Colleague: 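Quick one: the structure is below, questions incoming.
All values derive from a computational prediction rather than experimental measurement. Order of the sequence lines sets the chain letters (A, B, ...), proteins ahead of strands, with each chain counted from 1.
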There are 2 protein chains.
Amino acid sequence: MASNTIENYLKAIYSLQQKQEKVNITDVSKHLEVSAATVNNMMQKLKKMKWVKQEKYQPVTLTVEGEKRAAMIIRKHRIAEMYLTEKMGLGWENVHSIAEEMEHIDSSILFDRMDELLDYPKYDPHGSPIPNKDGKIVKMNFHLLSQAETGSLVQLVGVEDSSKELLEFLNQKMIRLGTEMKVLEIASFDKSLLLEMEEKDTLVLSSKVCNALRVIEVEK
Amino acid sequence: MASNTIENYLKAIYSLQQKQEKVNITDVSKHLEVSAATVNNMMQKLKKMKWVKQEKYQPVTLTVEGEKRAAMIIRKHRIAEMYLTEKMGLGWENVHSIAEEMEHIDSSILFDRMDELLDYPKYDPHGSPIPNKDGKIVKMNFHLLSQAETGSLVQLVGVEDSSKELLEFLNQKMIRLGTEMKVLEIASFDKSLLLEMEEKDTLVLSSKVCNALRVIEVEK
DNA sequence: TAAATTATTTAGATTGATCTAAATATAAGA
DNA sequence: TCTTATATTTAGATCAATCTAAATAATTTA
């Protein structure tokens, strides 16, 4: 029923709601790289469909129905990513863009089967939780590597964006989910981090990269 | 580059060219269920793109480039169908509509990998040949069951349409690719066929169904 | 708090894909 | 061959999704 475009708006609002209290037209506009006027226009349509709520000049929120639809799209996206990596052997850097297209396929047979073949995974290859069939999603517990303190030992549990560019960079540095790193030093000038890796060698990561890495503290 | 819509026009012309010498605007119009005016309009665009040729009021033909693009879309479609049945265990009645969406995914990594996992299949689950990477497609040798003569022993090698409706009907009658049938009688009134099946039981198939079944003659 | 900045909305235009109705050309039949 | 039927093209309209520019509202800052 909903066009791919509409599904992408729902998904955008959902994702933004996961990390912010308030989602503005401008946030959606930046996220989808369309003008604010376009977003405003689409919000009128989504309000008529009862998938979003918004008072004039106020932030947008998904309705229960809108949130459920968004969660189902994200569920399909993440199950597809998982299938592509686990069952087809594609690298985590390649699956996001494919899943971006597969998420719009209307076929419960397909996604239920992938889910079953994967034995009902809880997380996608980038560490993000997969919403269940009711749209429930576990809340992740993490902080960004850029927020870590000197001396802390952390483990990578997810990434903020699944772009090929970031993930190829991480591949090159031998960083994957589960990789442990100790923060040796934080450069005050550019907020880059000096890290000790598992093999005792050291590595410098820019603040841009550290802002994209989700970590948890681990015991020493 | 090409929208899904444009890809569907290329595919439609390609498919029609496989079974007719001349492809008219009206043929495409019926095939895609859009008005002839819409097709005409789209042909102007495809001509500018150099993917079709057409003189005013004349039939349309794909250019070499247009044909190659069409073949690549059909290749993706058929590889996907094969993967869905062979590797994921979906029934042949369910895969066409899914492949209809997957065929537009722009990812050689994905389709090359499916092709490899399938060990480079030559036919899809409905018996249609898969174009190779150069766009070459083997010419199938078959006739329709509706053309078979009384007494002939035939084997199902493909279907004219991959609709869920037809394929569920065939499932119910235990008819699949490879099934052999002997034509016992052709009713002159409605052109229905009385067939002897592999298990020696008999079955009547309407001319509508016989028109959709591709068979070859086999030795007795 | 007044001014400046930022965000949202409105207005009007564009593009892609579609339609119907009318005009024109081609093909088929008497 | 003339008439009729069918096919194609043209013209003009609509809808979804986008844009820019301008107007308006809300927020921030001096």
Side-chain angles (χ1 to χ4, degrees), chain A residues 1-17 19-62 66 69-70 73 100-101 103-104 106, chain B residues 1-17 19-62 66 69-70 73 100-101 103-104 106:
Chain A
M1 325 292 95
S3 67
N4 287 6
T5 305
I6 286 177
E7 293 198 342
N8 287 336
Y9 277 91
L10 292 177
K11 195 162 58 105
I13 300 167
Y14 185 95
S15 303
L16 290 165
Q17 269 184 1
K19 52 180 171 190
Q20 316 169 182
E21 351 60 81
K22 298 288 173 201
V23 177
N24 301 312
I25 295 278
T26 311
D27 298 328
V28 178
S29 156
K30 281 175 187 151
H31 193 272
L32 292 177
E33 298 181 282
V34 296
S35 74
T38 300
V39 175
N40 188 264
N41 189 57
M42 183 60 87
M43 289 310 111
Q44 307 315 313
K45 189 181 300 184
L46 294 183
K47 277 190 265 183
K48 277 194 203 116
M49 288 170 163
K50 299 266 168 59
W51 294 341
V52 307
K53 273 179 297 206
Q54 184 212 23
E55 312 277 316
K56 246 196 182 188
Y57 289 99
Q58 292 308 119
V60 297
T61 35
L62 291 172
R69 283 183 179 263
I73 300 159
E100 206 68 5
E101 308 198 46
E103 71 191 6
H104 302 295
D106 180 25
Chain B
M1 326 290 93
S3 66
N4 288 5
T5 306
I6 287 177
E7 292 197 344
N8 287 337
Y9 277 91
L10 293 176
K11 196 162 57 107
I13 300 167
Y14 185 95
S15 303
L16 289 164
Q17 269 184 1
K19 51 180 171 190
Q20 316 169 181
E21 353 57 84
K22 298 288 175 201
V23 177
N24 301 311
I25 295 277
T26 310
D27 299 327
V28 179
S29 156
K30 281 176 187 152
H31 194 272
L32 292 178
E33 298 181 279
V34 295
S35 73
T38 300
V39 175
N40 187 263
N41 189 57
M42 183 60 87
M43 290 311 111
Q44 308 315 311
K45 189 181 300 183
L46 294 183
K47 277 189 264 184
K48 277 195 202 113
M49 289 172 162
K50 300 263 168 59
W51 294 341
V52 308
K53 274 180 295 205
Q54 183 211 27
E55 312 278 315
K56 249 197 181 190
Y57 290 97
Q58 291 308 117
V60 297
T61 36
L62 291 172
R69 284 182 177 264
I73 300 159
E100 206 70 4
E101 308 198 45
E103 70 191 7
H104 302 295
D106 179 25

Colleague: Would you please confirm or rule out a distance under 4.0 Å between OP1 or OP2 of D:dT10 and any side-chain N or O of B:Lys56?
Modeller: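 True: B:Lys56 side-chain N/O within range (under 4.0 Å) of D:dT10 OP1/OP2.
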Colleague: What integer distance in Å separates A:Ile25:CD1 from D:dC19:P?
Modeller: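 To the nearest whole Å, that distance equals 13 Å.
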Colleague: B:Ile6 CD1 to C:dT15 P: how many Å, rounded?
Modeller: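 Result: 15 Å.
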Colleague: Determine whether A:Glu100 and A:Lys11 make a side-chain contact, defined as any pair of heavy atoms from C-beta on separated by less than 4.5 Å.
Modeller: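 In contact.
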Colleague: Separation of B:Asn4 atom CG from C:dG16 atom P, in whole Å?
Modeller: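 B:Asn4 atom CG is separated from C:dG16 atom P by 15 Å.
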Colleague: Write down the distance between CG (A:Asn8) and P (D:dT18), rounded to a whole number of angstrom.
Modeller: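 Taking CG of A:Asn8 and P of D:dT18, I get 9 Å after rounding.
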Colleague: Just how far, in rounded Å, is P of C:dT8 from CG of A:Leu46?
Modeller: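 The distance from CG of A:Leu46 to P of C:dT8 comes to 15 Å, rounded to the nearest Å.
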Colleague: In whole Å, what is the span from the CE atom of B:Met43 to the P atom of C:dG16?
Modeller: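 For the pair B:Met43 CE and C:dG16 P, the rounded distance is 16 Å.
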Colleague: Name the nucleic acid region contacted by B:Asn24, choosing base, sugar-phosphate or nothing; use a 4.0 angstrom heavy-atom cut-off, strictly under.
Modeller: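 It contacts sugar-phosphate atoms only.
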Colleague: Any pair with a residue in residues 45-59 of chain A that passes side chain to side chain donor-acceptor pair (under 3.5 Å), sequence neighbours left out, goes on the list, sorted by first then second residue, please.
Modeller: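 Residue pairs passing side chain to side chain donor-acceptor pair (under 3.5 Å), neighbours aside: A:Gln44-A:Lys47, A:Lys47-A:Gln54.
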Colleague: Counting just side-chain N and O atoms, does B:Lys45 come under 4.0 Å of either OP1 or OP2 of C:dA17?
Modeller: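 Answer is yes, contact under 4.0 Å.
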Colleague: So, does A:Tyr9 get its side chain near the phosphate of D:dT18, meaning an N or O under 4.0 Å from OP1 or OP2?
Modeller: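 Yes, such a contact exists.
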Colleague: Give the intermediate values and the outcome of side-chain contact (heavy atoms from CB on, under 4.5 Å) for residues A:Asn8 and A:Thr5.
Modeller: CA-CA 5 Å; A:Asn8 287 336; A:Thr5 305; 5.7 Å; no
Colleague: How long is the line joining CD of A:Gln58 and C1' of C:dA7, in whole Å?
Modeller: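 Answer to the nearest Å: 11 Å.
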Colleague: What is the nucleic acid contact for B:Gln44, judged by heavy atoms within less than 4.0 Å: base, sugar-phosphate only, or nothing?
Modeller: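 Nothing: the residue B:Gln44, judged by heavy atoms under 4.0 Å, touches no strand.
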Colleague: Can you spot which of A:Leu62, A:Leu16, A:Val52 makes a side-chain contact (heavy atoms from CB on, under 4.5 Å) with A:Val23?
Modeller: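 Exactly one option meets the side-chain contact (heavy atoms from CB on, under 4.5 Å) with A:Val23, and it is A:Leu16.
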Colleague: How about CG on B:Asp106, more than 12 heavy atoms from neighbouring residues, nucleotides or ligands closer than 6.0 Å, or not?
Modeller: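 No, because the 6.0 Å sphere around CG of B:Asp106 holds 12 heavy atoms or fewer from other groups.
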Colleague: Closest approach to the side chain of A:Met42, judged atom by atom: which nucleotide of D:dC19, C:dA7, D:dA17 is it?
Modeller: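 Selected nucleotide (nearest to the side chain): D:dA17.
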Colleague: Within this structure, what is the CE-to-C1' distance between B:Met49 and C:dT15, rounded to whole angstrom?
Modeller: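 Taking CE of B:Met49 and C1' of C:dT15, I get 13 Å after rounding.
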Colleague: Base, sugar-phosphate, or nothing: which does B:Thr38 touch, judged by heavy atoms less than 4.0 Å apart?
Modeller: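 Base, at least one base atom sits under 4.0 Å.
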Colleague: Base, sugar-phosphate, or nothing: which does B:Ser35 touch, judged by heavy atoms less than 4.0 Å apart?
Modeller: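 It contacts base atoms.
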Colleague: For D:dA23, does either OP1 or OP2 sit under 4.0 Å from a side-chain N or O belonging to A:Tyr57?
Modeller: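 Answer is no, no contact under 4.0 Å.
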Colleague: Specify the residue among A:Ser3 and A:Ala37 whose closest nucleotide of DNA chain D lies further upstream toward the 5′ end.
Modeller: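 It is A:Ser3, whose closest nucleotide lies nearer the 5' terminus.
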Colleague: Would you say A:Thr5 reaches D:dA16's phosphate, i.e. side-chain N/O to OP1/OP2 under 4.0 Å?
Modeller: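 Indeed not, no polar side-chain atom of A:Thr5 lies that close.
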